[in-house]
Protein chains: 2
Amino acid sequence: MYFSLFNEVGIINQLSSSLLERHLPHGLLVSHFSVLNHLTRLGDGKTPLQMARAFQVPKTTMTHTLAGLEKAGLIRFVPNPADGRSKCVMLTEAGANVRAEAIAAMGPDVATLSAVVPPERVAAILPVLEELRRYLDSARDAPQPPS
Amino acid sequence: MYFSLFNEVGIINQLSSSLLERHLPHGLLVSHFSVLNHLTRLGDGKTPLQMARAFQVPKTTMTHTLAGLEKAGLIRFVPNPADGRSKCVMLTEAGANVRAEAIAAMGPDVATLSAVVPPERVAAILPVLEELRRYLDSARDAPQPPS
DNA sequence: ACTATTTAGTTCGACATCGCACTATAATAC
DNA sequence: GTATTATAGTGCGATGTCGAACTAAATAGT
């Protein structure tokens with residue numbers, strides 16, 4: 001049954017990604033949107049490594065994603081005053097706008113979705129998913145116990 | 001909140017994939033395992049296109065995945081007697097063994113997981129996820145992913 | 001103070017995914 | 001029966017992801 005669970009999760013991830021990307025400016029992926037969203041909700045000034053950890057992706061992936069966002073003018077880097085090796089990621093106005101527009105563009109879809117799968121049900125499954133994620137996260141670096 | 005949902009789903013997908021791949025022979029990915037699993041549970045003799053649709057992936061992706069499995073000797077192709085353009089995917093003994101061994105190797109992990117997130121809770125959220133998937137699938141209208 | 005180790009970030013290479021264009025076969029039209 | 005259209009699968013190119021090795025800066029050990 002756990003296989004079915006992971007199977008569903010995989011397909012939902014695929015479908016939701018492509019659905020979201022349809023509402024983003026050309027060339028922007030979910031990974032880019034997620035970063036913009038993160039910076040908006042939790043405030044900018046984070047370092048790339050912090051964000052890599054937040055998204056559970058390798059830092060090389062974050063480097064790549066941030067490079068794309070900077071090239072598009074949606075974020076900019078400032079040196080980290082507390083650490084010469086590091087940078088701080090700052091959201092630009094263009095970046096905030098792109099995020100806001102994407103969310104607005106998704107409004108109708110979310111509305112339709114919430115009619116099919118009401119928020120209560122989502123709220124009901126979220127804690128389970130979070131727990132699942134925490135377990136998987138903890139099992140990520142811990143090899144299977146000796147048997 | 002739906003964003004959080006998709007975010008969790010994305011991370012869970014990532015983590016569960018790498019966890020599963022740790023128990024697969026070197027070079028085999030989740031996509032390969034999923035195909036072996038599918039052929040075992042639903043019977044072999046399916047065409048590549050049928051499988052592409054079942055997994056919601058473009059057919060080019062399925063071509064690639066199946067090529068890898070054939071190269072590893074885990075499946076083999078036979079011509080489709082009903083359609084000269086098509087093939088049938090057959091599971092080999094080696095393929096069935098690899099699947100069985102991977103599942104056995106995951107046993108302890110699944111056991112640990114089921115202690116943290118008991119089967120009842122998984123059973124409770126699966127229908128919601130399935131409904132979510134059905135909606136997303138139906139909303140995937142204009143473009144042509146598979147087929 | 002000086003060296004060793006750790007850490008932030010990048011570069012590079014490997015590879016999975018996927019869209020587009022193409023071939024071959026089947027189904028349909030007329 | 002031939003021409004048109006639709007379908008199954010593949011080759012190719014572009015791109016995202018990620019591991020390994022690298023550079024530079026910070027911290028720990030002595």
- Task: Grab the CZ-P distance between B/Arg53 and D/dG9 for me, whole Å please.
- Result: 9 Å

- Item | Heavy-atom pair with the smallest gap, counting every atom of B/Val30 and B/Leu24 | N-CD1, 4.3 Å

- B/Thr47, B/Asn80, B/Leu66 screened by side-chain contact (heavy atoms from CB on, under 4.5 Å) with B/Val89, the one that passes: B/Leu66

- Between D/dA8 atom P and B/Met51 atom CE, what is the distance in whole Å? 15 Å

Pairs under 3.5 angstrom, nitrogen or oxygen only, protein versus nucleotides 23-25 of chain C, please.
from, atom 1, to, atom 2, distance (Å)
C/dT25, O2, B/Arg85, NH1, 3.4

Could you run down the sub-3.5 Å N/O contacts of the protein with nucleotides 17-21 of chain D?
from, atom 1, to, atom 2, distance (Å)
D/dC18, OP1, B/Gln14, NE2, 3.4
D/dC18, OP2, A/Thr61, OG1, 3.2

- Task: Starting from C1' on C/dG19, measure out to CE on B/Met62 and report it in whole angstrom.
- Result: 17 Å

- Query: Is there a side-chain contact between B/Arg99 and B/Arg41 (heavy atoms, below 4.5 Å)?
  - Reply: yes

- Item | A/Leu129 with B/Val110, same ILVMFWY side-chain cluster at under 4.5 Å | yes

- How far apart are the closest heavy atoms of B/Pro119 and B/Ser114, and which atoms are they? CD-O, 4.0 Å

- Is the phosphate of D/dT10, meaning OP1 or OP2, less than 4.0 Å from a side-chain N or O of B/Thr63? yes

- Query: In whole Å, what is the span from the CZ atom of B/Phe55 to the C1' atom of C/dC18?
  - Reply: 17 Å

- Item | Atom-to-atom span, CG of A/Leu66 to P of C/dT11 - whole angstrom | 13 Å

- Task: Could you check how far NZ of A/Lys87 sits from C1' of C/dT7, rounded to whole Å?
- Result: 16 Å

- When you check the side-chain N and O atoms of A/Asp44 and A/His38, is any donor under 3.5 Å from an acceptor? no

- Spatial distance of atom CG (A/Leu15) from atom CG (A/Leu20) [nearest 0.5 Å]: 12.5 Å

- Value in whole Å for how far the C1' atom of D/dA24 lies from CG of A/Leu49: 15 Å

- Does the side chain of A/Phe55 reach to within under 4.5 Å of the side chain of A/Thr65, using non-hydrogen atoms? no

- So, do A/Leu39 and A/Met51 sit near enough that their side-chain heavy atoms are less than 4.5 Å apart? yes

- Message: Could you tell me how far apart B/Leu28 (CG) and C/dC15 (P) are, to the nearest whole angstrom?
- Response: 14 Å

